[in-house]
Amino acid sequence: MKSKATVTFIAIALCVAFGWLPILRASAESSDNKRIRMAAVLYTENNPFWFSVWEGVRAAAADLRIDLSEYQYANNDLEAENMLETAILARVDVILLRMSNEYSARTSALIQGAKAKGIRIAIMDTNDYAEYCDVHISIDNQGMASALADAVERKHEPGTGILIIKLFSSSSTTVIRQGEIEKRLAQKGLFDMVRYLHLPESEELWARSMQNYLLENEDIVSVVCTGPKATLLAANTISGMGLTGRVRVFGFCETKEALDFTKEGTISALIAQKTYEMGYFSTQLANDIVLGKTLPTKNHTIDTLLIDIHNVQEGYKMLRLFPD
């Protein structure tokens with residue numbers, strides 16, 4: 001025991017004498033303060049929705065001193081998978097990932113391979129691959145569909161029709177929203193008033209299809225859309241036909257144009273997703289799982305906001321936009 005204590009004393013004395021102690025301390029501190037390396041593989045910021053998400057991701061990364069690598073893909077699954085593979089090869093600590101709603105065996109294999117290498121996975125916005133991730137962050141699709149159906153019910157006039165727009169190709173998210181809207185309208189005794197317009201595959205024919213339907217069914221006063229694209233189509237068509245004020249649109253917001261239609265009264269109610277908060281909160285959670293923090297749940301949802309003419313300014317603020 002005495003010889004061990006002597007050796008320890010001599011080692012400390014040498015460190016002090018030669019100035020090694022501050023170096024050892026600095027080395028220990030740098031190890032403790034190692035910055036987390038995160039790769040964000042997300043959809044391109046070339047639209048307001050994802051621009052706002054990226055703003056939230058970058059702000060959280062800056063606040064938490066995360067080394068952030070950005071991988072932005074267009075609407076192309078192969079491109080996204082290649083970026084995911086690049087991020088895995090970079091051996092980052094965590095990947096914040098948003099893939100499309102179409103399941104891919106290659107994506108699944110890549111995610112499981114990343115997990116085998118000790119890379120943590122945070123999945124954003126889609127339910128696919130949620131079983132393989134460490135944390136899952138999504139918009140409350142059921143909640144916002146229920147809120148939209150409630151808005152339709154508040155504006156409904158007895159004896160009038162409700163038209164639900166269905167696109168030729170619908171994502172799993174859209175299907176969930178539609179099912180929840182139908183369920184909610186049925187609970188309110190309005191389902192017998194619901195009709196459907198199935199739009200053709202060619203987008204060039206969408207506006208004409210809707211125009212013809214509204215001309216042939218003048219009892220329709222509420223048009224319900226389950227996604228941003230259909231919402232803008234309905235608003236543009238109804239505005240162009242001079243039906244603003246007689247036919248109301250209910251839908252989902254991703255753009256300034258949708259908010260402008262709400263401001264002028266063509267759109268009665270919009271569901272706006274808190275995209276900045278989604279980006280920020282997702283990055284926080286990705287940071288937490290790398291640090292080994294215990295999360296109360298694996299699945300997290302982001303609240304949404306119902307926007308109408310009375311609070312449309314909140315929508316502009318949420319998407320970091322400004323009205324004309």
Side-chain angles (χ1 to χ4, degrees), residues 30-139 173 273-295 298-302 320:
S30 65
S31 177
D32 291 339
N33 296 326
K34 178 190 172 187
R35 292 174 66 135
I36 289 172
R37 297 172 64 231
M38 184 180 91
V41 183
L42 307 175
Y43 191 69
T44 177
E45 62 183 325
N46 289 342
N47 72 55
F49 179 96
W50 285 101
F51 179 83
S52 183
V53 170
W54 275 108
E55 277 198 322
V57 169
R58 291 170 186 138
D63 290 345
L64 297 169
R65 292 177 49 78
I66 293 172
D67 283 334
L68 174 65
S69 299
E70 297 185 12
Y71 298 85
Q72 298 189 28
Y73 64 90
N75 196 15
N76 183 308
D77 285 345
L78 179 59
E79 182 184 16
E81 287 176 334
N82 289 340
M83 289 181 176
L84 173 58
E85 187 171 29
T86 301
I88 293 169
L89 291 173
R91 300 302 292 262
V92 294
D93 299 304
V94 61
I95 296 174
L96 177 60
L97 176 66
R98 188 271 186 186
M99 300 298 288
S100 75
N101 288 315
E102 299 300 324
Y103 180 84
S104 162
R106 183 187 175 209
T107 298
S108 175
L110 285 169
I111 292 172
Q112 293 180 70
K115 294 271 291 179
K117 291 179 170 64
I119 299 173
R120 313 306 293 269
I121 303 291
I123 298 284
M124 177 196 288
D125 190 47
T126 176
N127 292 322
D128 286 331
Y129 320 109
E131 62 188 289
Y132 305 122
C133 69
D134 297 285
V135 64
H136 178 244
I137 311 98
S138 63
I139 297 292
T173 298
Q273 304 175 59
K274 297 183 178 179
T275 46
Y276 179 89
E277 286 82 353
M278 186 175 189
Y280 196 100
F281 185 52
S282 297
T283 304
Q284 281 185 316
L285 289 173
N287 184 71
D288 288 347
I289 58 177
V290 174
L291 294 177
K293 293 185 179 180
T294 302
L295 302 180
K298 175 181 175 178
N299 299 302
H300 301 259
T301 55
I302 306 296
R320 304 299 196 268

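Quick note: residue numbers are just sequence positions, from 1.
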>> If you apply the rule side-chain hydrogen bond (donor to acceptor under 3.5 Å, both in side chains), what do you find for Asn82 with Arg106, and how did you get there?
In response: CA-CA 10 Å; Asn82 289 340; Arg106 183 187 175 209; 3.1 Å; yes
> What heavy-atom pair brings Gln284 and Leu64 nearest, and what distance separates the two atoms?
Replying inline: CA-CD1, 4.0 Å
>> With a 4.5 Å cut-off on side-chain heavy atoms, are Thr44 and Trp50 touching?
In response: no
> Between Val57 and Leu96, what is the shortest heavy-atom contact and its length?
Replying inline: CG2-CD2, 4.0 Å
> Going by heavy atoms in the side chains, are Ile36 and Leu291 under 4.5 Å from each other?
Replying inline: yes
>> Restricting to non-hydrogen atoms, name the atom on Ala90 and the atom on Arg37 that form the minimum distance, rounded to 0.1 Å.
In response: O-NH2, 3.1 Å
>> To the closest 0.5 Å, what do you measure between CD1 (Ile95) and CE (Met83)?
In response: 13.0 Å
> Going by heavy atoms in the side chains, are Ile139 and Thr275 under 4.5 Å from each other?
Replying inline: no
> Going from OG1 on Thr107 to CD on Glu81, what distance comes out if it is rounded to the nearest 0.5 angstrom?
Replying inline: 3.5 Å
> Does the side chain of Ser138 reach to within under 4.5 Å of the side chain of Asp125, using non-hydrogen atoms?
Replying inline: no
>> Testing the basics here: between Ala80 and Met99, what is the closest heavy-atom pair and its distance to 0.1 Å?
In response: CB-CE, 3.7 Å
> To the nearest 0.5 Å, how far apart are CZ in Phe51 and CG in Asn46?
Replying inline: 10.0 Å
> Are any non-hydrogen side-chain atoms of Met38 and Val290 less than 4.5 angstrom apart?
Replying inline: no
> Any donor and acceptor pair, going by atom type alone, linking the side chain of Ser52 with main-chain N or O of Tyr276 inside 3.5 Å?
Replying inline: yes
>> Under a 3.5 Å distance rule, please check whether Asp134 uses its side chain to pair with a backbone N or O of Ala122 as donor and acceptor.
In response: no
> Taking C-beta and beyond as the side chain, do Met278 and Arg98 meet within less than 4.5 Å on heavy atoms?
Replying inline: no
> Just by modelled atom types, is the Tyr132 backbone N or O under 3.5 Å from a matching donor or acceptor in the Gln112 side chain?
Replying inline: no
> Does the pair Leu97 and Ile111 meet the rule for a side chain to side chain contact (heavy atoms under 4.5 Å, CB included), with working shown?
Replying inline: CA-CA 10 Å; Leu97 176 66; Ile111 292 172; 3.7 Å; yes
>> Please give me the minimum heavy-atom distance between Leu295 and His300, naming the atom from each residue.
In response: CD1-NE2, 4.2 Å
> Is there a side-chain contact between Glu55 and Glu45, using heavy atoms and a 4.5 Å cut-off?
Replying inline: no
> How many angstroms lie between atom OG1 of Thr283 and atom CD1 of Ile66, to the nearest 0.5 angstrom?
Replying inline: 6.0 Å
> Counting distance only, does the side-chain N/O of Arg65 pair as donor-acceptor with the main-chain N or O of Arg35 below 3.5 Å?
Replying inline: no
>> Can a donor-acceptor pair be found, under 3.5 Å and without considering hydrogens, that links the side chain of Lys298 to the backbone of Cys133?
In response: yes
>> Return the CE to NE2 distance between Met124 and His136, rounded to the nearest 0.5 Å.
In response: 10.0 Å
> Are any side-chain N or O atoms of Trp54 and backbone N or O atoms of Gly279, one a donor and one an acceptor, separated by less than 3.5 Å?
Replying inline: no
>> I need the Leu42 CG to Glu70 CD distance, nearest 0.5 Å.
In response: 8.5 Å
>> I'd like to know if the side chain of Tyr129 reaches the main chain of Ser104, judged simply by a donor and an acceptor atom lying under 3.5 Å from each other, with no hydrogens or angles considered.
In response: yes
